[in-house]
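For reference, the structure is listed below as structure tokens.
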Amino acid sequence: MAFESLIVLGLVATCCLIAPNDASLVFRARNRSMSAKPFKVLITHPEVPQSGIDLLKEHCELTQVLSLPPSRAELLEKLKGVDAVLWGGHSPLNAEALDAAGPQLKCISTMSAGIDYVDVAEMKRRKIPLGHSPTVLDAAVADLAVGLLIAAGRRFNEARRKIDSDNWESYHLNWLLGQDVRDSVVGFFGFGGIGQAIAKRLSGFDIDQVLYTTRRRIDQETEKELNAKKVDFDELLAKSDFVVIASPLTPATQGIFNATAFNKMKRTAVLVNIARGKIVNQNDLYDALKSNRIFAAGIDVMDPEPLPPTDKLLTLDNVVVLPHIGSATTRTRSDMSTIAAHNVLRGLAGEPMLSPAY
């Protein structure tokens with residue numbers, strides 16, 4: 001099926017350029033003998049972008065969770081008897097949900113890159129195909145990461161608080177001096193698609209070098225393009241002026257940025273986390289920032305989420321905190337919905353998903 005192969009390759013290359021008609025052709029090719037709308041699909045969030053819904057409704061009977069925030073009770077009730085699910089949001093996707101759906105469930109796709117809220121082992125045990133939507137959000141998250149890096153390094157939060165408190169001290173020549181991105185060493189803990197997208201953007205800021213810590217070395221051509229060098233974790237911490245966390249949350253990475261790690265960083269170092277909050281021991285981060293053991297931090301993820309407004313981290317001047325909005329652009333959300341819908345259609349058709357989670 002050469003045409004279908006081209007579709008897959010095109011989506012992988014562009015992450016969002018397959019037109020709805022392409023998905024329809026694939027679905028029809030595998031289901032010519034089926035009656036109209038043979039499958040029932042649940043959309044688990046009322047704000048899933050229309051692009052994905054439009055793809056699905058041509059071939060499937062759709063049901064949608066309408067409560068906001070989505071009610072777990074409504075979700076479990078509407079899961080009964082569905083053939084597939086487009087899983088919007090981060091409600092736990094676990095045995096409870098799979099039991100509610102029933103044995104006829106054929107596939108699920110999340111509308112997210114990370115799947116730490118999914119009981120992957122349980123999904124595999126039941127042999128249910130799972131899709132997700134990585135890569136398509138790389139650009140949006142990378143843009144935000146660069147913004148956090150600059151905002152934290154140049155003390156945006158502290159500067160704004162000076163305005164709010166009417167406490168301008170511009171008579172000092174060294175007032176609110178920050179850290180230069182130019183000629184800096186930027187270290188990446190995790191250097192996949194998002195990390196590399198950040199590094200590409202930072203190359204325009206005339207950084208000196210990229211260091212990265214991963215399990216496997218990336219290809220040499222990309223290393224050369226990004227002036228990147230694989231190092232161990234301790235060297236990354238010791239040499240980096242900016243440390244960007246861009247790795248998945250796993251048992252091995254959970255809490256790895258703790259007091260021990262912060263004590264190995266430069267006192268002028270800036271930490272940026274756009275991955276998962278639990279990779280950082282937040283109490284230790286607070287202590288490191290409070291004592292000026294490290295210079296600043298910019299985080300879009302935290303533990304817990306939502307972060308209580310009384311959390312002690314928010315009392316600090318030298319941290320920029322955002323409410324997990326890395327992929328929050330109109331285009332990215334629409335593309336994520338489209339990818340998830342393609343995954344569902346492929347799963348229902350018995351085809352390999354365009355973006356399988358395993």
Side-chain angles (χ1 to χ4, degrees), residues 141-142 144-156 177-250 252-277 279-282 284-301 318-320:
V141 176
L144 182 114
V146 173
L148 276 175
L149 185 149
I150 294 171
R154 294 296 301 273
R155 302 168 70 171
F156 282 14
L177 297 185
Q179 304 300 324
D180 281 299
V181 180
R182 182 185 56 175
D183 295 329
S184 66
V185 174
V186 182
F188 289 86
F189 182 72
F191 203 49
I194 291 175
Q196 291 174 35
I198 297 168
K200 287 177 182 177
R201 283 155 175 75
L202 290 174
S203 66
F205 289 83
D206 298 325
I207 63 174
D208 180 58
Q209 188 179 26
V210 166
L211 303 178
Y212 70 93
T213 296
T214 57
R215 287 183 297 175
R216 300 181 187 88
R217 183 179 176 184
I218 65 171
D219 65 274
Q220 293 184 27
E221 184 177 342
T222 303
E223 280 190 339
K224 183 177 180 181
E225 177 190 353
L226 299 176
N227 190 24
K229 178 184 177 184
K230 186 179 185 302
V231 297
D232 63 30
F233 187 48
D234 285 349
E235 185 174 350
L236 181 89
L237 296 174
K239 293 184 176 180
S240 298
D241 299 298
F242 297 89
V243 176
V244 180
I245 303 173
S247 74
L249 174 63
T250 68
T253 64
Q254 182 168 342
I256 194 169
F257 281 86
N258 53 22
T260 301
F262 297 134
N263 285 335
K264 293 177 180 179
M265 292 170 62
K266 296 181 178 181
R267 287 189 171 273
T268 55
V270 174
L271 180 74
V272 173
N273 189 7
I274 44 79
R276 286 292 184 265
I279 296 174
V280 175
N281 181 311
Q282 207 156 282
D284 289 354
L285 175 62
Y286 172 84
D287 291 341
L289 291 169
K290 178 72 173 179
S291 65
N292 295 312
R293 182 59 194 79
I294 63 173
F295 185 79
I299 62 174
D300 186 43
V301 290
N318 56 340
V319 61
V320 178

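Starting from 1, each residue takes its place in the sequence as its number.
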Can you confirm whether [X] sits close enough to [Y] that some side-chain heavy atom of one is under 4.5 Å from a side-chain heavy atom of the other?
| X | Y | answer |
| --- | --- | --- |
| Asp232 | Thr213 | no |
| Arg154 | Gln179 | no |
| Lys200 | Glu225 | yes |

Side chain to side chain donor-acceptor pair (under 3.5 Å) for Thr260 and Asn263? Distances and angles first, verdict last. CA-CA 5 Å; Thr260 301; Asn263 285 335; 5.9 Å; no
Measuring centre to centre across the rings, with the benzene-like ring taken for any Trp, is Phe191 within less than 6.0 Å of Tyr212?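 Here the rings of Tyr212 and Phe191 have centres that are less than 6.0 Å from each other.
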Are Phe257 and Phe189 near enough that their ring centres are under 6.0 Å apart? yes
Candidate pair Lys290 and Asp287, rule side-chain contact (heavy atoms from CB on, under 4.5 Å), full reasoning: CA-CA 5 Å; Lys290 178 72 173 179; Asp287 291 341; 5.5 Å; no
When you look at Val185 and Leu211, which way does the side-chain contact (heavy atoms from CB on, under 4.5 Å) test go after all the steps? CA-CA 7 Å; Val185 174; Leu211 303 178; 3.7 Å; yes
Among Val280, Val301, Ile274, which residue satisfies the side-chain contact (heavy atoms from CB on, under 4.5 Å) criterion with Ile245? Val280
For Lys266 and Asp241: C-alpha separation, side-chain torsions, deciding distance, then whether side-chain contact (heavy atoms from CB on, under 4.5 Å) applies. CA-CA 7 Å; Lys266 296 181 178 181; Asp241 299 298; 2.9 Å; yes
Keeping the roles fixed (side chain from [X], backbone from [Y]), state whether a donor-acceptor pair exists under 3.5 Å.
| X | Y | value |
| --- | --- | --- |
| Arg293 | Leu289 | no |
| Ser240 | Val243 | no |
| Asn273 | Ala275 | yes |
| Asp208 | Ser184 | no |
| Arg155 | Asn318 | no |
| Asp284 | Asn258 | no |

Do you know which two heavy atoms are closest between Phe295 and Leu177, and how far apart they sit?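 That closest heavy-atom pairing would be CZ-O, 3.8 Å.
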Ion pair check, Glu223 and Lys230, cut-off under 4.0 Å: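 Salt bridge absent between Glu223 and Lys230.
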Lys264 bridged to Asp234 by N-O distance under 4.0 Å: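 Answer for the salt bridge query: yes.
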side-chain contact (heavy atoms from CB on, under 4.5 Å) assessment of Leu271 paired with Leu285: CA-CA 9 Å; Leu271 180 74; Leu285 175 62; 3.9 Å; yes
Check residues 144-151 and write down every donor-acceptor pair under 3.5 Å in which the side-chain atom is one partner and the other belongs to a residue at least two apart or another chain.
none

